[in-house]
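Note on naming: letters A, B, ... go to the chains in the order of the sequence lines (proteins, then strands), and numbering restarts at 1 for each one.
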Amino acid sequence: MNRFSRHFRPKLYPRGWLLYRPFSTSSNNPHLHHQTSKPSPNQLVDSFTRLCLHGPLADALAVLDSLESRSLHAADPVDYLHLIKLCISAGDADAGRLVHRHLASGGRFPMLFLSNSLLGMYVRFGLVQDAWKLFDGLPQRNVVSWTTMISALIDLELKKDALELFAFMLRDGIRPNMFTFSSVLRGCDSLRTLKAVHCCVFNHGFNTDVFVRSSLIDVYFSNGDSESGYLVFDEMSTWDPVVWNSVIGGFAQFGHGCKALELFRRMKRAGFLAEQATLTSALRACTGMVYLEMGQQIHVHVLKYETDLILNNALLDLYCKSGTLEEAESIFQRMPEKDVISWSTMISGLAQSGRGLEALKLFKLMKAQGPKPNYITIVGVLFACSHAGLVEDGRYYFRSMKQLFDIEPGSEHYGCMVDLLGRAGKLDEALKLIHEMKLKPDAIIWRTLLGACRVHKNPTLAEYVADEILKLEPGDEGCYILLSNIYADAKQWSDVAQVRNVMRGRGIRKEPGRSWMELGKETHVFIAGDFSHPQMEGIKLELERLIRRTSDLGYAPDTDYVLHDLGREQKEESLWYHGEKMAIAFGMMNSTQGKPIRIMKNLRICGDCHAFAKLVSRTEGKMIVIRDPVRFHHFCEGTCSCGDYW
DNA sequence: TTAGGGTTAG
């Protein structure tokens, strides 16, 4: 929220309300009468032209002052245009206002292109009230005046007002151009509005303009309609890198990493040079799918942009999210410029890999010599405390975040605190915190507490919590699954059956657990109980070998992690074929000396697989990295970086 | 004189 938007709400009036209002003059200003020498009028006008073009601004203003005191004007109105540009490049809003006053005085109203230029200047300086006053008083306006104001309102997140202004513009009979549409589109925050504006784009024949198309693509994606976004891209061949990047960025941002990378390859095949923005999107796509090797290939292209901050941040995130912390730390050290995102990414990265103490140490360094922490930084800090079991540190930062960093705790911060207290077994305190929240607790927060109820085996509280979740999100499959797990832990089989019945009755199905890993250019996916992998026979043999080896070290299947009321042998067998275990066996079969096995999961890792992975890392002398949706587990020499606390 | 694409959490 910009400082202007708090105080400024434009009022829009119907057509015909505008009346010419003369601007106040500033001819009484004593500062404008200090000229001592008396150059000839021609000399003054000539030097004004020269100074407006090349500066310095102060001299140009002094001559403007002399011109005004002698009732002279520039030879060419374009001189004033140059002067306004000079004010903009000097960042001098007061000088701009002075020029405005000069143009408005002397009975000569500025020409429209000069008014528009002044409008643009005010907008650029964030002085929207000044811009609005000027716009309001203009005797006539053209498409540029309207577009400038519409765009300014959108920048202030006043999208509704911007669209209203657009409607008034059309009602005034002003024909929008491609500039207007690329702005107006950014103001569409619902699919309905977007489709209406899209029709308007067609009717005015601007659907081929690259600026308009990239805005259309971008806004379709951000309104959740990636299909229409792709259609806009695909309906004609595109020779503009930004349009390519809009669609690649859209897919990368909204969870279709494969599609984004496919388009990235198509773009390169079409002969385009991938520049910073495209490479950043491609990296984001790799990060989303934890395609480390693909990301490393892109890293090579990034080298020539090694000083680009955003690109480095994306790279940092890739290495953090793929659990390659050494590489991330090395990039972080080398980055010539670091912003709050760089620091926050690194802090969260350390936290997710179980290095909570180091994350807090880095946060202390950030406080001493880095940028001011923001909302997300504190989420990372609390996450670090929660996953490292640092209850007191977490309490301290949560209590003092407002005072120390002027950040109000938001639902994510509460979520971390509930997680922190819940993990530490302080379920009552976590519940009390939720009840005391100023905000309305969302389903995520309740789900966090439900997770803690499972770890600390509390079916009574779990029932209450599940009830709260289902009030908010009646179709939440995760809630049913967790509740049934909690009942299964407590061996309350009739309750398990009841939950399953309700699920069946409501048509709710469990999302299957998937584990996957990259091997060369392929991704291998493993789902519990699914034996369709072409190398399944080998995987079964390898798994049996690993189970034999780990049994010697005391591995015994922990059947608490099986949901159903099966016999012991059946339970053990269903544990053997969890996706993680099949992926570990497959990873061992195809492993390269010295390289860790990297596995990704769509659900949290189960306790039995966690114990198994620890032992395999010891018997086989192999590092295993498993990423679940929340954090990393680095298994090495029989222990895990999470310290069995997750 | 007005317009488009990239990075951090859960």
Side-chain angles (χ1 to χ4, degrees), chain A residues 78 80-81 84-85 88 110-121 123-124 142-152 154 176-186 206 209-219 221 240-250 252-253 274-285 287 305 308-318 320-321 339-349 351-352 373-384 386 410-416 418-419 442-445 447-448 629-631:
Chain A
V78 175
Y80 293 117
L81 196 67
I84 295 168
K85 280 188 182 168
I88 294 174
M111 299 163 108
L112 187 53
F113 79 95
L114 289 178
S115 316
N116 287 340
S117 177
L118 286 168
L119 260 185
M121 176 195 74
V123 168
R124 192 89 64 102
N142 64 4
V143 61
V144 177
S145 337
W146 286 94
T147 303
T148 306
M149 280 319 294
I150 290 171
S151 178
I154 293 171
N177 63 14
M178 60 278 245
F179 290 82
T180 322
F181 280 117
S182 19
S183 295
V184 169
L185 283 166
R186 283 193 299 125
F206 289 116
D209 180 82
V210 285
F211 279 76
V212 174
R213 280 177 70 205
S214 59
S215 291
L216 271 169
I217 294 170
D218 200 40
V219 183
F221 272 99
D240 181 85
V242 178
V243 174
W244 274 100
N245 199 47
S246 297
V247 73
I248 294 173
Q253 205 176 337
E275 289 181 353
Q276 288 100 315
T278 317
L279 290 167
T280 307
S281 295
L283 280 174
R284 182 172 183 169
T287 308
Y305 302 115
D308 188 291
L309 174 66
I310 301 179
L311 198 39
N312 274 324
N313 283 343
L315 210 48
L316 190 62
D317 193 38
L318 168 80
C320 282
K321 293 255 170 57
D339 66 358
V340 64
I341 296 182
S342 330
W343 287 87
S344 308
T345 307
M346 198 64 234
I347 289 170
S348 299
Q352 284 167 343
N374 69 10
Y375 188 98
I376 295 175
T377 320
I378 307 300
V379 174
V381 169
L382 295 178
F383 185 92
S386 143
S411 66
E412 292 84 355
H413 302 112
Y414 277 100
C416 287
V418 169
D419 195 36
D442 56 23
I444 299 173
I445 291 181
R447 237 183 333 256
T448 308
V630 180
R631 63 166 299 154

TODO: Name the closest nucleotide to the A/I341 side chain, picking from B/dG4, B/dT2, B/dT8.
DONE: B/dT8
Open item on the list: Quick check for you: among B/dT1, B/dA3, B/dT8, whose closest atom lies nearest to any side-chain atom of A/N142?
Closed with: B/dT1
- [ ] Report yes or no: is there a donor-acceptor pair, N or O only, under 3.5 Å between the side chain of A/N245 and the base of B/dG4?
- [x] no
Task: Interatomic distance, A/I310 atom CD1 to A/L279 atom CG [nearest 0.5 angstrom] - done: 12.5 Å
- [ ] Describe the nucleic acid contact of A/F181 in one word from base, sugar-phosphate, nothing, applying a heavy-atom distance below 4.0 Å.
- [x] nothing
- [ ] Identify whether any heavy atom of A/V212 sits under 4.0 Å from a base atom; if not, whether one sits that close to sugar-phosphate; answer base, sugar-phosphate or nothing.
- [x] nothing
Open item on the list: Suppose we screen for side-chain hydrogen bond (donor to acceptor under 3.5 Å, both in side chains). Which residues come up paired with A/S214, at least two apart in sequence or across chains?
Closed with: none
Task: Phosphate contact (B/dG5 OP1 or OP2) by A/R213 side-chain N/O below 4.0 Å - done: no
TODO: Compare the minimum distances between each of B/dT2, B/dG4, B/dT7 and the side chain of A/T147, then state the nucleotide with the smallest one.
DONE: B/dT2
Task: A/Q352 vs B/dG10: side-chain N/O to OP1/OP2 distance below 4.0 Å - done: yes
- [ ] For the side chain of A/S215, starting at C-beta, report the closest nucleotide among B/dG10, B/dT2, B/dG4.
- [x] B/dG4
Task: Main-chain N/O of A/I248 paired to A/N245 side chain as donor or acceptor, under 3.5 Å - done: no
Task: Closest to the A/S281 side chain, choosing from B/dG10, B/dT2, B/dG6 - done: B/dG6
Open item on the list: Tell me the interatomic distance from A/L216, atom CG, to B/dG5, atom P, rounded to whole angstroms.
Closed with: 12 Å
- [ ] Would you mind telling me which of B/dG6, B/dT1, B/dG10 lies closest to the side-chain atoms of A/A277?
- [x] B/dG6
- [ ] Just compare B/dT1, B/dT7, B/dT2 and give me whichever is closest to any side-chain atom of A/A314.
- [x] B/dT7
Task: Residues that A/D317 engages under side-chain hydrogen bond (donor to acceptor under 3.5 Å, both in side chains), provided they are two or more places apart - done: A/K321
TODO: Using atom CD1 of A/I150 as one end and atom P of B/dT2 as the other, report the distance to the nearest whole Å.
DONE: 15 Å
- [ ] Could you check which of B/dT8, B/dT1, B/dG10 has an atom nearest any side-chain atom of A/I376?
- [x] B/dT8
TODO: Could you check whether A/N177 gets within reach of a base, just the sugar-phosphate, or nothing at all, counting any heavy atom under 4.0 Å?
DONE: base
Task: Residue A/T278, side-chain atoms from C-beta onward, closest of B/dG5, B/dT2, B/dT8 - done: B/dG5
Open item on the list: Check this for me: does the side-chain of A/D209 come within 3.5 Å of the base of B/dG4 through a donor and an acceptor?
Closed with: no
Task: A/F113 aromatic ring stacked with six-membered ring of B/dT1, 5.5 Å and 30° - done: no
Open item on the list: Any donor-acceptor pair under 3.5 Å linking the side-chain atoms of A/T180 with those of A/N177?
Closed with: yes
Open item on the list: Main chain of A/S145, side chain of A/N142: is a donor-acceptor contact present, judged purely on distance under 3.5 Å?
Closed with: yes
- [ ] Identify whether any heavy atom of A/V210 sits under 4.0 Å from a base atom; if not, whether one sits that close to sugar-phosphate; answer base, sugar-phosphate or nothing.
- [x] base
Open item on the list: If I take atom CD1 in residue A/I310 and atom C1' in nucleotide B/dG6, what distance separates them, rounded to the nearest angstrom?
Closed with: 5 Å
Task: Nearest-neighbour nucleotide for the A/D317 side chain, B/dG10, B/dT2, B/dT7 considered - done: B/dT7
TODO: Mind calculating the distance between CG (A/L316) and P (B/dT7) to the nearest angstrom?
DONE: 14 Å
Task: Euclidean distance, atom CZ of residue A/F221 to atom P of B/dG6 [Å, nearest integer] - done: 12 Å
- [ ] Starting at atom CH2 of A/W343, determine the distance to atom C1' of B/dA9, rounded to an integer number of angstrom.
- [x] 19 Å
TODO: Would you mind classifying the nucleic acid contact of A/I217 as base, sugar-phosphate or nothing, using non-hydrogen atoms under 4.0 angstrom?
DONE: nothing
- [ ] Answer yes or no: is there a donor N or O on one side and an acceptor on the other, between the side chain of A/S342 and the main chain of A/D339, under 3.5 Å?
- [x] yes
Task: Rounded interatomic separation in angstrom, taking NZ from A/K321 and P from B/dA9 - done: 4 Å
TODO: Take the protein atom CG of A/L112 and the nucleotide atom P of B/dT2, then report the distance between them rounded to whole Å.
DONE: 13 Å
